[in-house]
Number of protein chains: 2
Amino acid sequence: MPTATRDLLPGTLEMLILQTLRGGALHGYAIAQHIQQTSQDVLQVEEGSLYPALQRLLRERWVTANWGISARNRKVRTYKLTPAGRKQLGREIAGFARLLEGIGRVMRPAES
Amino acid sequence: MPTATRDLLPGTLEMLILQTLRGGALHGYAIAQHIQQTSQDVLQVEEGSLYPALQRLLRERWVTANWGISARNRKVRTYKLTPAGRKQLGREIAGFARLLEGIGRVMRPAES
DNA sequence: CTACTATACATAGATTATCTTTGTAAAGAA
DNA sequence: TTCTTTACAAAGATAATCTATGTATAGTAG
């Protein structure tokens with residue numbers, strides 16, 4: 001079965017996670033749910049993509065993590081945006097916008 | 001030196017090449033130049049990305065290739081969009097637009 | 001005549017990101 | 001007690017891009 005509808009646009013997951021955490025700290029599973037739901041099921045964050053991405057964000061100190069208990073009474077690791085992470089989010093948004101503009105110029109050459 | 005400004009948004013190169021060939025057949029090097037120039041130097045197609053991508057497009061029969069001589073009197077391999085390639089371009093544009101909408105909903109949650 | 005730059009193709013290898021698969025574990029419902 | 005959902009995480013496979021390398025020739029500068 002082809003129809004390989006992509007789950008994500010490669011290179012955007014970290015931006016999506018950081019943006020999600022702007023609204024407040026969340027645990028991993030909830031981050032993935034939020035992205036999927038907010039995107040109206042267009043984006044899906046596989047666990048095998050999510051947790052490595054969170055590890056990268058921790059390594060760069062763009063987020064911090066704490067163990068706790070969720071509203072559903074489950075042991076969870078909650079991630080929180082750091083000031084450096086907030087700056088990084090800004091850079092990622094700018095870089096993404098820049099690339100999108102470039103792509104737009106190639107894809108819509110009719111525009112002035 | 002960080003500042004790792006990306007050359008491309010991963011997953012978009014084939015779409016950019018197919019779109020470039022909509023305007024007529026071009027040789028590889030000229031495709032890369034066109035993308036770079038049209039994007040106003042935002043996008044840069046490294047040769048190590050370009051030629052493997054062209055091989056993939058050939059394999060899928062989305063383009064055909066012919067050897068010839070360029071306007072600058074160089075031996076060149078010219079690529080031409082096939083009808084299947086044109087259909088694929090449509091699918092890629094639709095898939096990309098879909099992902100962008102999803103990303104937009106996550107990044108701009110304020111919108112209705 | 002020589003050196004350099006730009007044009008042009010291509011592959012090999014490294015890196016990175018994502019996806020698939022597998023594993024653990026516990027809460028709550030059937 | 002079995003199933004589903006929630007929740008974390010690592011291992012391995014796949015895929016796309018980037019870096020480095022190699023070949024070759026046209027044209028220009030010196």
Side-chain angles (χ1 to χ4, degrees), chain A residues 1-17 25-37 43-60 63 65-79 92 95-96 99 102-103, chain B residues 1-17 25-37 43-60 63 65-79 92 95-96 99 102-103:
Chain A
M1 279 57 158
T3 318
T5 306
R6 226 186 261 293
D7 280 348
L8 287 174
L9 195 57
T12 62
L13 178 55
E14 292 184 8
M15 177 179 78
L16 293 167
I17 292 173
L26 282 179
H27 63 270
Y29 196 85
I31 293 170
Q33 300 262 300
H34 177 268
I35 291 173
Q36 180 164 350
Q37 286 162 18
L43 307 177
Q44 181 153 355
V45 185
E46 301 298 336
E47 301 194 335
S49 307
L50 173 69
Y51 293 108
L54 289 171
Q55 297 303 317
R56 292 194 297 273
L57 297 178
L58 277 172
R59 228 193 314 115
E60 304 287 346
V63 301
N66 281 93
W67 285 96
I69 301 292
S70 78
R72 281 184 189 74
N73 202 30
R74 311 301 302 274
K75 207 174 54 168
V76 290
R77 200 173 185 196
T78 297
Y79 296 86
E92 296 214 9
F96 182 68
L99 289 176
I103 291 171
Chain B
M1 285 58 156
T3 320
T5 306
R6 223 187 263 296
D7 281 347
L8 287 174
L9 194 58
T12 62
L13 178 55
E14 293 185 8
M15 177 178 78
L16 292 167
I17 293 173
L26 283 179
H27 63 270
Y29 195 84
I31 293 169
Q33 299 263 300
H34 177 268
I35 291 173
Q36 181 164 349
Q37 286 163 18
L43 307 178
Q44 181 152 354
V45 184
E46 303 298 336
E47 301 194 333
S49 307
L50 174 69
Y51 293 107
L54 288 171
Q55 297 302 318
R56 292 195 296 273
L57 296 178
L58 277 171
R59 229 193 314 113
E60 304 287 344
V63 302
N66 280 93
W67 285 97
I69 302 292
S70 79
R72 282 182 188 76
N73 201 31
R74 309 302 302 272
K75 208 174 54 167
V76 290
R77 199 171 186 197
T78 297
Y79 296 85
E92 297 214 8
F96 182 68
L99 288 177
I103 290 170

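Bear in mind the structure is a predicted one, so any value in this text is a computation, not a measurement.
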In whole angstrom, give the distance that lies between atom [atom1] of [X] and atom [atom2] of [N].
{"X": "Lys75(B)", "N": "dT23(D)", "atom1": "NZ", "atom2": "C1'", "answer": "10 Å"}
{"X": "Gln36(B)", "N": "dC18(D)", "atom1": "CD", "atom2": "P", "answer": "12 Å"}
{"X": "His27(A)", "N": "dT6(D)", "atom1": "NE2", "atom2": "P", "answer": "9 Å"}
{"X": "Ile69(B)", "N": "dA24(D)", "atom1": "CD1", "atom2": "C1'", "answer": "13 Å"}
{"X": "Glu46(A)", "N": "dA15(D)", "atom1": "CD", "atom2": "C1'", "answer": "16 Å"}
{"X": "Glu47(A)", "N": "dT5(D)", "atom1": "CD", "atom2": "C1'", "answer": "11 Å"}
{"X": "Leu8(A)", "N": "dA16(D)", "atom1": "CG", "atom2": "P", "answer": "15 Å"}

With a 4.0 Å cut-off on heavy atoms, is [X] in touch with a base, just the backbone sugar-phosphate, or nothing at all?
{"X": "Arg77(B)", "answer": "sugar-phosphate"}
{"X": "Gly48(B)", "answer": "base"}
{"X": "Thr12(B)", "answer": "sugar-phosphate"}

Footprint ends on DNA chain C, 5' to 3', for atoms under 4.0 angstrom from a heavy atom of chain A, come out as dA17(C) to dA27(C)
Need to verify one output field. Residue with the more 5' nearest nucleotide on DNA chain C, Asn73(A) or Leu9(A)? Leu9(A)
So which atom in Leu54(B) and which in Gly28(B) form the shortest heavy-atom distance, rounded to 0.1 Å? CD1-CA, 4.0 Å
Can you list, by residue number, the residues of residues 49-59 of chain B that have a non-hydrogen atom closer than 4.0 angstrom to DNA chain C? Tyr51(B), Pro52(B)
What I want to check is whether an N or O donor and acceptor connect the side chain of Arg74(B) with the base of dT25(D) at under 3.5 Å. yes
